[in-house]
Amino acid sequence: VYFLSFILMRALSRYRELGADRGAALLTGKPSALARALQKVSGEMAAIPTRDLRQMEAVSSFAFAPALSGGRGLSLGSIMATHPPLEKRLEQLARIAAQLGER
């Protein structure tokens, strides 16, 4: 029951993020500005290292984990995520911009 509730809470969190994006885009009337802000923030966050790689041990420096599925399929990463992928958020904002007649 805990695992199922955990998965459902994560799905609800992703749904709420999309709803927040939609609400902000409609409230401001500028979904393209929100899209640019999302791209800027996500780009800056990706550039920040999470730890000092110089401190890695010699054996673990050669170890790597394969990236999770980047497609539209259901992957462990997408199930555990609290936010929807940036691409999905940008697609939604592009649809809203088209509905509002924004270029």
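Only a predicted model underlies this, so the values are computations on that prediction, with no experimental measurement involved. Values reported hereafter were calculated over all heavy atoms of this structure, with side chains retained and with hydrogens, waters and symmetry mates removed.
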J.: Once side chain to side chain contact (heavy atoms under 4.5 Å, CB included) is applied, do any residues pair with L12, and if so which ones, sequence neighbours excluded?
T.: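 For L12, the residues satisfying side chain to side chain contact (heavy atoms under 4.5 Å, CB included) (neighbours in sequence not counted) are R16.
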J.: When you group the ILVMFWY residues by side-chain heavy-atom contacts below 4.5 Å and let the links chain together, are M80 and Y2 in the same group?
T.: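 Yes, because Y2 and M80 connect within a single hydrophobic cluster, where side-chain heavy atoms sit under 4.5 Å apart.
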J.: Kindly state each residue pair satisfying salt bridge (Lys or Arg N to Asp or Glu O under 4.0 Å) with at least one member in residues 19-28, sequence neighbours excluded.
T.: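 The answer is D21-R89.
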J.: Restricting to non-hydrogen atoms, name the atom on S13 and the atom on T82 that form the minimum distance, rounded to 0.1 Å.
T.: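 Smallest heavy-atom distance, with atoms named: OG-O, 2.8 Å.
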J.: Going from CD on Q92 to CD on E17, what distance comes out if it is rounded to the nearest 0.5 angstrom?
T.: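 With rounding to 0.5 Å, CD (Q92) is 11.0 Å from CD (E17).
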J.: Which heavy atom of L93 sits nearest to which heavy atom of A25, and what is that distance?
T.: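 Reported closest heavy-atom pair: CD2-CB, 3.7 Å.
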J.: What is the distance from atom NE2 of H83 to atom CG of L18, rounded to the nearest 0.5 Å?
T.: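 These two atoms lie 10.0 Å from each other.
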J.: Supply the atom-to-atom distance L34 CG to I96 CD1, rounded to the nearest 0.5 angstrom.
T.: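 Going from CG on L34 over to CD1 on I96, the span is 8.5 Å.
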